[in-house]
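Here the structure comes first, spelled out in C-alpha cells, and everything after it is commentary.
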Amino acid sequence: MSSPRPVPVDLVTGGRQLTEPRLDSSGRWLAYVESDAAGSRFVVVDLDDDGSSGSRIVTDPAPAAGRGMGGGAFAWLPDASGLVFAGSDGSIWRVSTSGGDPESVWCGTGAQAPAVSPDGRRVAFMVDQRDIVVASLDGGDPVVVTAAAGPDFAFDPVFAPDGASVTFQGWSVPDMAWDAAARYSHPVGIEGALSVERLDGAAIQQPGFLPDGAPVAVSDVDGWLNVSVGDRPIVAEPFEHAGPTWGPGQRTWAASPDGRRIAFTRNEAGFGRLVVADVATGELITLGRAVHGQLSWAGRRVAALRSGARTPTEIVVYEESDSGDWSRRRISRGPADGWTDHEWVLVEPDLVEVPDGDGTVLHARRYASPSPCGRLLVWIHGGPTAQWDVSFNPGVAFWCSRGWDVLLVDPRGSTGHGRRYQQALRGGWGVLDVEDTATMLEHAHADGRSTPPRTVVMGGSSGGLTVLGVLGRHAGLVAGGVALYPVSDIHDLNEHSHRFEAHYQLSLVGPDDTAADRQRYWDRSPQSYADRIASPLLVLHGTDDPVVPVDQSCALARRIRQTGGRIELHLIDAEGHGFRRPESKQIEYRLVEAFLDRLVPPEDDRSSGE
C-alpha cells in the first residue's frame, strides 16, 4: 500500500472560519458569521427551505467575529427583522436581515457580546471586558450597570425572560475566570442594585435562564463543570460541560422553548458528545458525537458548531420529528473544500492515560501516522488553562501525513479533566507541566514506536515555556524543540502582558512581593537556565505580540548563543500572539518542517541500511 500524499500547506492555512450559528426565536432562520481573507460577514439561512444556501449581509463595519467555539458577535431582534452586532470598530450596530446600511446603536470601543431584551427595546453588552452597558435601541443615554461596585471583569450579559434584570459572569483579580467567577445581576433601570452569587471553591460561567425565569449556569462546585438549574446539577457527572472562559460568547448549553429540556456539550477526555437532558429527571439522549459548541435551540431545532478529528468544522442543525427522533443537517463547512477529498487520510486519535508517581492520571491523545517512520512530535497546548480536544486540527493532519506520530499532551493545569486536575498547577507552572510532559515522553518511548533521537517537543505560548523546560531539564528525552511565541521570562509578564492575563502568574507561580518571590519567578524562567538548553531549538515570534513580548525571545536567543547553544530565531512581522494571516501561517509551517526534517530525517538511516 502506497503512503498517503502529504497535505499541502495551502490547505492547512486556507479556507473559511465559521462562528456563532444562532437560531431566531421561531427556529426558521439561522444566522452565523463567515470569515476569510476578504473579511467577515453575516450569512442568514431559511431553514424551512433546503438550507443549502443563504443570503450574505456585508456591513461596514464588519462584525467582530469570534474564534473557534467562542462568539459574542451578535444577537437576533425578537421579531427576526434584524441583527444587533458588535462591529470590528468596537461599537454596537443594528442591521436589517434584508440588507442595507447598519444603524449605529452605541459609539465607542471595546464592545462585545450584545444581548437583546425580550421586548426588543434594549441591548446589553460588555465593554473592554470590565463593564456591562445597557442601551436603548430607540435612543436615550446608556447605563453602565457594573459601576464602581462591579467586578474587575464582566462577561456575557443576558436579560431575564421578563426583561426586568440583566445577569452576567464576573470576577476580580488576582483570580482568573476559572478560579472564582461569580454570577452578577442588576435590575434594569435601577442604579446601584448590583447583586452577586458566589460559590465557595468554584467558578460560575454562562449564566442564563429557563423560560420560566429559573436561573441556569455552568459551575464546578462539585468538581466538574456541570450545567445546573438553581443549585442542582441537571446531571452530576465526571465530565466537563464547558471549557474555560478565555473570551466571550461560549454557549455550551441551550434550553428548549418549553424549558423542560436542556441540550449541552459533554467533554469525554477530549472527545465530544452533544446530549439532551430532561430537566426534571436527568434522563439523557445523545444527539451526536464530536465536539460541539455555540448551541441555540428554537422550535424543534438545535443549531451548533461541530468538529471532530476527521470532521472539518461545520455548522449543523439537529431537528426533532413528531416521533421524537432527531436528524442532522449540515448547513456549511468552514475549512478549505479540499479537506473533503478522499486522498487525505485523517486520523482518529487513541486516548493515552498514564499514572504518575503520586497517583494522578496524566492525559494525552496519540495520532498514529498512516505512514510511520518512527518520528514522534509531542505537542503541548498553550494557556496553560486549556486542552487539546478532539476537534479538527489541520496541523495534526499536516504532520501525520509526513510520517510523524503526534502526541497531544494535557499536563496538569489542563481543562477537561475536572477542577482538581486544572487547579493542580497553581504555584507549579514551569515545573509540574515540565515534569508531566517528561513522564509522557518516557511512556511514549517505552512502547517502542519511537526513541529520543527521533522525538521532538513543540508548543506555543505557555506550551513553549514547557518545551524550553524539557530541553533544559530533560534534554535526553528529545532530539530538540520548537517553541512558538514562548514565555521565557515569567516575571516580565507581570509587567508587560495584556490586562486579561496581567495577574495570571499570581495563581500559576505565586506572590510577587519579595526578593525571594522574584527569585522563584526567575528560577522558573527558561532565560535563567539558558546555558542548559543545548539541543537544537527553533523559535518563532510575532513582532506585535501583546501577550508575550517579542523581546523575551530575542533575549533568550542571545543567552543561548552566548553559552554555545543552537537556536534558530525567526520574527514574524506584524503578527501578534499566534499567527493569523495565511501568509504568516505558511511561513510558520515551512520553517518548522525544514527544521524538523534536518533534525530528524524522514527515513531512519539504520533501518534504510538493513
Applying side chain to side chain donor-acceptor pair (under 3.5 Å) between Thr252 and each of Gln205, His241, Arg266, Gln206, report the one that passes. Gln206
Ser391 side-chain N/O to Ser307 backbone N/O, donor-acceptor pair under 3.5 Å: no
Arg41, Arg581, Arg56 screened by salt bridge (Lys or Arg N to Asp or Glu O under 4.0 Å) with Asp36, the one that passes: Arg41
Scan Trp171, Phe125, Phe168 and name whichever one has a ring pair (Phe, Tyr, Trp, His ring centres under 6.0 Å) with Phe155. Trp171
With a 6.0 Å cut-off on the ring centroids, do Phe209 and Phe159 count as close? no
Can you confirm whether Glu283 is buried at CD, in the sense that more than 12 heavy atoms of other residues, nucleotides or ligands lie under 6.0 Å from that atom? no
Just grab all the salt bridge (Lys or Arg N to Asp or Glu O under 4.0 Å) pairs involving residues 77-102, residues at least two apart or on different chains. Arg94-Glu103
What distance separates Trp29 CH2 from Asp49 CG, expressed to the nearest 0.5 Å? 8.5 Å
Checking Asp220 side chain against Ala202 main chain: does a donor-acceptor pair fall under 3.5 Å? no
Within residues 124-140 or reaching into it, pairs that qualify as side chain to side chain donor-acceptor pair (under 3.5 Å) - sequence neighbours excluded: Asp131-Thr146
Inspect the contact between Arg301 and Asp24 and indicate whether a charged nitrogen and a carboxylate oxygen are less than 4.0 angstrom apart. no
With distance as the sole criterion, is a donor-acceptor pair present between the side chains of Gln169 and Thr245 under 3.5 Å? yes
Glu575 CD to His541 NE2 distance, which is reported to the nearest 0.5 Å: 11.5 Å
Under 6.0 Å from the six-membered ring centre of Phe153 and within 45° of its axis: does the NZ or CZ of Arg499 meet both? yes
Rounded distance (nearest 0.5 Å) linking atom CH2 of Trp93 with atom CG of Leu83: 15.0 Å
Interatomic distance, CD@Gln422 vs OG1@Thr415, rounded to 0.5 Å, equals 7.0 Å
Which value, rounded to the nearest 0.5 Å, describes the distance between Asp46 atom CG and Thr97 atom OG1? 11.0 Å
Applying salt bridge (charged side-chain N to carboxylate O under 4.0 Å, His left out) to Arg121 and not counting sequence neighbours gives none
Residues passing the side chain to side chain contact (heavy atoms under 4.5 Å, CB included) test with Pro384, sequence neighbours excluded, are Leu425, Trp429, Ser462, Tyr504, Leu508
Under the salt bridge (Lys or Arg N to Asp or Glu O under 4.0 Å) definition, can you give me all pairs with a residue in residues 209-219, not counting sequence neighbours? none
Distance in Å, Arg333 CZ paired with Thr313 OG1, rounded so as to fall on 0.5 Å steps: 9.5 Å
Taking the side chain as C-beta and beyond, is there a heavy-atom pair between Tyr318 and Val276 under 4.5 Å? no
With a sphere of 6.0 Å drawn around CD of Gln17, does it hold more than 12 non-hydrogen atoms of other residues, nucleotides or ligands? no
Using side chain to side chain contact (heavy atoms under 4.5 Å, CB included) as the criterion, list what pairs up with Asp258, not counting sequence neighbours. Ser256, Arg260
Quick check against the 3.5 Å criterion: does Arg22 have a side-chain atom that pairs as donor or acceptor with the backbone of Phe74? yes
